[in-house]
Amino acid sequence: MDRKVPVFATLGCRLNAYETEAMKDLAARAGVDDAVIVNTCAVTAEAVRKARQEIRRLKRDNPNARMIVTGCAAQTEPETFAAMEEVDIVLGNTEKMQPESWRRMVPDLIGETERVQVDDIMSVTETAGHLIDGFGTRSRAYVQVQNGCDHRCTFCIIPFGRGNSRSVPAGVVVDQIRRLVDRGYNEVVLTGVDLTSWGADLPMTPKLGDLVLRILRLVPDLPRLRISSIDSIEVDESLMQAIATEPRLMPHLHLSLQAGDDMILKRMKRRHLRDDAIRFCEEARRLRPDMTYGADIIAGFPTETEAMFDNSLRLVEECGLTWLHVFPYSPRPGTPAARMPQVNGVAIKERAARLRAAGQAAAQAHHAAQVGRDHAVLMESPRMGRTAQFAEVHFGTDQPEGAIVTARIRGAGATGLLA
């Protein structure tokens, strides 16, 4: 009888996708078959609802397979998923990365007493055990260097799904990136839940900038290094030095801004004010004139007035943001913000639409400014690649996937640049 390869479904962030790749390897090594594994997200109540919906859909498509639910939603509310008749096993975020968890699933379904395997995530102190080489496309690899978060923003449940901040030692990271470069990757992206907190739990408490400079010094053959979402108030002097002096560090930063009004930022329990964000963007762009910014912004946070929202809207121009991730606020049970006075749902939807429109206008302006310029483009597929600033470039003829090609930008379309 042929073995049935496990089906994996990933919801949520890039880190979840990274960890799904690690779970595929763990499940294969353990010999797990005829199973569906759903890696859930808990960032909003809507994310949990979508997880339940996806579980039901996958069970209909795979009626005889064991249903294993893991990820942040499984960690924060295991009882929700244990109560679903479709679910056989609920696996915590720590347990999903342990080989013994997967070995216990073979050959028979584990007993009812072990149906829920979710321990206290706050007791976890390491994050390096499940490093994998080369998650991503043929062109770009993602390397997890940090997990968890020590901050307690009032809208966020993620620390209770991911635990406290913990870092992968620099030597382990460098060794992995060397292997990736040897395998032909032209770009590596450093990822984490709270990336700028990297190093706080390591000896000598190094900073993220120290890690970036070390990677670039010790892996000279790496063409491109990119860092994912950062908290600008935590950026250190070494990272600013790297921005100013290292052309292999890509001029694209995604900022966890969340809002542009000081009162809302305080109620969110963020650690920066709007002027801090503006100053950081001005300084980083002074050091690196071709720098572009993405940002996360929440529309309709509790107590947000129209004037407060306008401060967030104006931040798009005042920080010079190009790529926006807009999140309409939805209350997350168990967070302080869920107990605050809520904004009308119609207003939230309308504000999110205005933010998205501002983001689209900013992206179009960036695209228009690139016409006639030459860009080094990392090819993600035969006819689509990205510039150093992460703009999509579409080609009329096939290019070598994974290669960095120089292209003259001849036009700007609705979805990106044309070469």
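Excluded from the calculations below are hydrogen atoms, water molecules and symmetry mates; all remaining heavy atoms, backbone and side chain alike, are included.
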Practice task
Give a yes or no on whether the backbone of Ser256 and the side-chain of Asp296 come within a donor-acceptor separation of less than 3.5 Å.
Solution key: no
Handout entry: Test salt bridge (Lys or Arg N to Asp or Glu O under 4.0 Å) applied to Lys24 - qualifying residues, sequence neighbours left out
Key = Glu21
Problem - His375: partners by ring-ring contact (aromatic ring centres under 6.0 Å, His included), with sequence neighbours left out - result: none
Practice task
With sequence neighbours excluded, tell me which residues meet side chain to side chain contact (heavy atoms under 4.5 Å, CB included) with Thr322.
Solution key: Thr292, His366
Practice task
List for me each residue that meets ring-ring contact (aromatic ring centres under 6.0 Å, His included) alongside His394, sequence neighbours excluded, and say none if there are none.
Solution key: none
Handout entry: Atom pair OG1/CG of Thr387 and Asp374 - distance to nearest 0.5 Å
Key = 12.5 Å
Handout entry: Partners meeting side chain to side chain contact (heavy atoms under 4.5 Å, CB included) with Val316 (sequence neighbours left out)
Key = Leu321, Leu324, Leu355, Ala358, Ala362
Practice task
Please identify each residue that fulfils salt bridge (Lys or Arg N to Asp or Glu O under 4.0 Å) with Arg60, with sequence neighbours left out.
Solution key: none
Handout entry: Residues in salt bridge (Lys or Arg N to Asp or Glu O under 4.0 Å) contact with Asp398, at least two apart in sequence or another chain
Key = Arg383
Practice task
Can you run down the side-chain hydrogen bond (donor to acceptor under 3.5 Å, both in side chains) pairs that involve residues 213-225, sequence neighbours left out, and say none if there aren't any?
Solution key: Glu187-Arg224
Practice task
Under the side-chain hydrogen bond (donor to acceptor under 3.5 Å, both in side chains) rule, collect the residues that match up with Arg29, sequence neighbours excluded.
Solution key: Asp25
Problem - For Phe327, ring-ring contact (aromatic ring centres under 6.0 Å, His included) partners two or more places apart - result: none
Fill in the blank from the handout: Taken in chain and number order and not counting sequence neighbours, the residues that satisfy side chain to side chain contact (heavy atoms under 4.5 Å, CB included) with Cys153 are Phe155, Cys156, Arg270, Arg271
Practice task
Go through the structure and list residues passing side chain to side chain contact (heavy atoms under 4.5 Å, CB included) with Met263, not counting sequence neighbours.
Solution key: Asp261, Arg267, Met308
